[in-house]
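Have a look at the structure below, then the notes.
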There are 2 protein chains.
Amino acid sequence: MTETRGSTHAKRAAYDLRQRIVKGELPGGTRLYEVALAEELEISRTPVREAMSRLAEEGLLERARGGGFVVRSFTYADVLDAIELRGVLEGTALRLAAEAGVSSEKIQHIKGLIAQIDAGFSAAGDPPDLEAYSGLNEQFHDDIADLCPSGIVRSELQRVKSLPFASPSAFVFRRRESQTMTQSIVIAQAHHHAMIEAIERREGARAEALAREHALIARRNLEEKALAPGEGNPALALIVD
Amino acid sequence: MTETRGSTHAKRAAYDLRQRIVKGELPGGTRLYEVALAEELEISRTPVREAMSRLAEEGLLERARGGGFVVRSFTYADVLDAIELRGVLEGTALRLAAEAGVSSEKIQHIKGLIAQIDAGFSAAGDPPDLEAYSGLNEQFHDDIADLCPSGIVRSELQRVKSLPFASPSAFVFRRRESQTMTQSIVIAQAHHHAMIEAIERREGARAEALAREHALIARRNLEEKALAPGEGNPALALIVD
DNA sequence: GCCGCGCCAATTGTATACATTTCAGTGTAT
DNA sequence: ATACACTGAAATGTATACAATTGGCGCGGC
């Protein structure tokens with residue numbers, strides 16, 4: 001089979017299928033046939049089934065009536081909703097963290113991350129390195145979610161973030177698009193500062209509202225990009241209509 | 001194998017395992033062994049694996065490192081958090097419904113359900129029939145979630161509700177416990193009225209707040225019951241500590 | 001005594017043959 | 001013309017043998 005990472009055939013097949021789905025090679029609604037995939041990947045049906053099960057757990061596939069799996073369809077509206085839902089869940093995570101209180105060590109750790117992002121802004125105000133920002137931003141969102149004392153909330157948030165277009169780092173711009181991008185990042189970073197401050201001061205409602213507003217930046221960026229497709233983000237390939 | 005419903009061995013096995021987990025016969029942390037289960041259910045390993053996959057999708061099992069599945073552990077705190085999370089998601093669903101607007105037909109349908117619950121209250125103020133209330137209450141929660149225009153939010157809410165202790169109908173009292181139960185139901189029903197009114201008037205924030213407060217009733221009821229276990233709710237059997 | 005190494009049993013991973021179900025196509029009867 | 005039942009290919013469901021991996025236990029060396 002194609003050289004993809006993983007220790008078992010099932011994991012490799014899952015990786016392979018996941019890539020194909022995210023790239024849009026397997027559009028929403030496509031039915032997956034065990035035999036065809038098994039032949040294509042040069043493995044037996046058993047690991048193919050296993051792989052499909054795993055992707056169903058991730059929410060990328062749905063079980064079809066009468067057995068089998070279908071690639072889950074995501075409409076453009078679904079993508080916007082998933083981003084908003086991420087904001088709601090992040091907001092809940094931050095509110096619970098604020099209400100429960102967070103140790104100063106953890107607060108300092110987050111502040112360190114934020115400082116790293118700050119350091120990426122030059123004094124001149126030109127756009128920071130997008131690769132670096134994307135990585136740090138994702139790290140920030142992961143670590144801030146870990147502040148939430150509820151494992152249930154953490155895991156459901158993680159679940160929503162695993163949808164390829166709902167991740168906080170999904171729609172970081174590909175190229176430098178005028179001032180829009182820089183401005184968005186400046187605002188987002190202001191949110192980052194405010195979020196940790198709200199948590200530190202145990203202002204739960206404020207933390208929650210900030211997380212929601214923060215997600216709306218991602219949503220707005222997507223809405224603006226969608227109007228001018230251009231070389232669209234690959235994670236959008238799986239949108240069906 | 002034991003006479004459980006389902007058309008395939010895998011579905012029967014999933015049903016059987018689900019029952020055992022919810023009843024607490026398979027406590028959190030228990031590792032499930034394919035061979036043992038297969039012999040016990042008198043089927044082969046294949047449908048057992050299939051059943052475990054399905055339960056993993058439901059969130060009742062987790063994949064263990066090195067393969068296999070483990071019964072997911074739910075602490076008492078997890079149960080409380082899951083109820084609160086249900087409130088958050090129901091709140092989001094209602095808010096989105098209110099913001100988008102809902103047709104008067106659907107509003108009337110919900111109002112009809114509420115009226116049916118109202119009819120269960122006698123003029124004397126004695127407790128309504130719990131079976132009937134539980135059924136109508138569950139129906140209300142299902143139907144009101146359907147008002148949400150976002151399929152993503154609906155499905156994630158459905159997912160959380162599928163946790164056996166987070167369902168709106170999970171902790172309806174078993175016997176008539178003084179006035180506590182009656183009072184709770186009266187308050188809950190007031191919330192029901194207010195929710196649909198908020199949606200009708202497109203008051204999103206109010207609808208959201210109501211849904212959260214509504215879930216807190218369920219949470220408080222559980223907290224009070226937990227202090228005096230008695231003949232506890234069976235859905236609580238899967239709590240590990 | 002303790003650590004590491006390797007073996008063995010237990011467990012999951014995989015392939016494959018066979019059974020069953022599903023669904024579309026087709027024919028017939030009404 | 002429509003509804004229904006039959007048919008058969010194609011798909012998933014199941015059993016089972018075998019392979020590979022894991023994890024624990026004991027043996028040996030240090």
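Chain letters run A, B, ... following the sequence lines, proteins first and then strands; every chain starts at 1.
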* Quick one, which residues of residues 45-54 of chain A touch DNA chain D with a heavy atom under 4.0 Å? -> Arg45(A), Arg49(A)
* Report the residues that fulfil side chain to side chain contact (heavy atoms under 4.5 Å, CB included) with Lys111(A), sequence neighbours left out, ordered by chain and then residue number. => Ile107(A), Gln108(A), Ile196(A), Glu200(A)
* Side-chain N or O of His9(B) closer than 4.0 Å to phosphate OP1/OP2 of dA15(D) -> yes
* Selected nucleotide, minimal atom distance to Arg31(B) side chain, candidates dT14(C), dG13(D), dT11(C) -> dT11(C)
* Under the side chain to side chain contact (heavy atoms under 4.5 Å, CB included) test, which residues partner Glu39(A), sequence neighbours left out? -> none
Tabulate protein N/O versus nucleotide N/O from nucleotides 7-10 of chain D, keeping only pairs under 3.5 Å, one per line.
none

* Backbone of Thr75(B) reached by a side-chain donor or acceptor of Asp78(B) within 3.5 Å -> yes
* **Those residues that, when tested against Asp146(B), pass side-chain hydrogen bond (donor to acceptor under 3.5 Å, both in side chains) (two or more places apart)** => none
* Report which part of the nucleic acid Arg65(A) touches: base, sugar-phosphate, or nothing (heavy-atom distance under 4.0 Å, all strands). => sugar-phosphate
* **With Arg219(A) via side chain to side chain contact (heavy atoms under 4.5 Å, CB included) - residues at least two apart** => Leu80(A), Asp81(A), Ile83(A), Glu84(A), Leu216(A), Glu223(A)
* Asked: Can you tell me how far the OG atom of Ser73(A) sits from the CD atom of Glu62(A), to the nearest 0.5 Å?
  -> 7.5 Å
* Asked: Once you round to the nearest 0.5 Å, how far does CD1 of Ile110(B) lie from CE of Met195(B)?
  -> 11.0 Å
* Please determine if Arg63(B) and Glu50(A) form a salt bridge, counting it only when a charged side-chain N lies under 4.0 Å from a carboxylate O. => yes
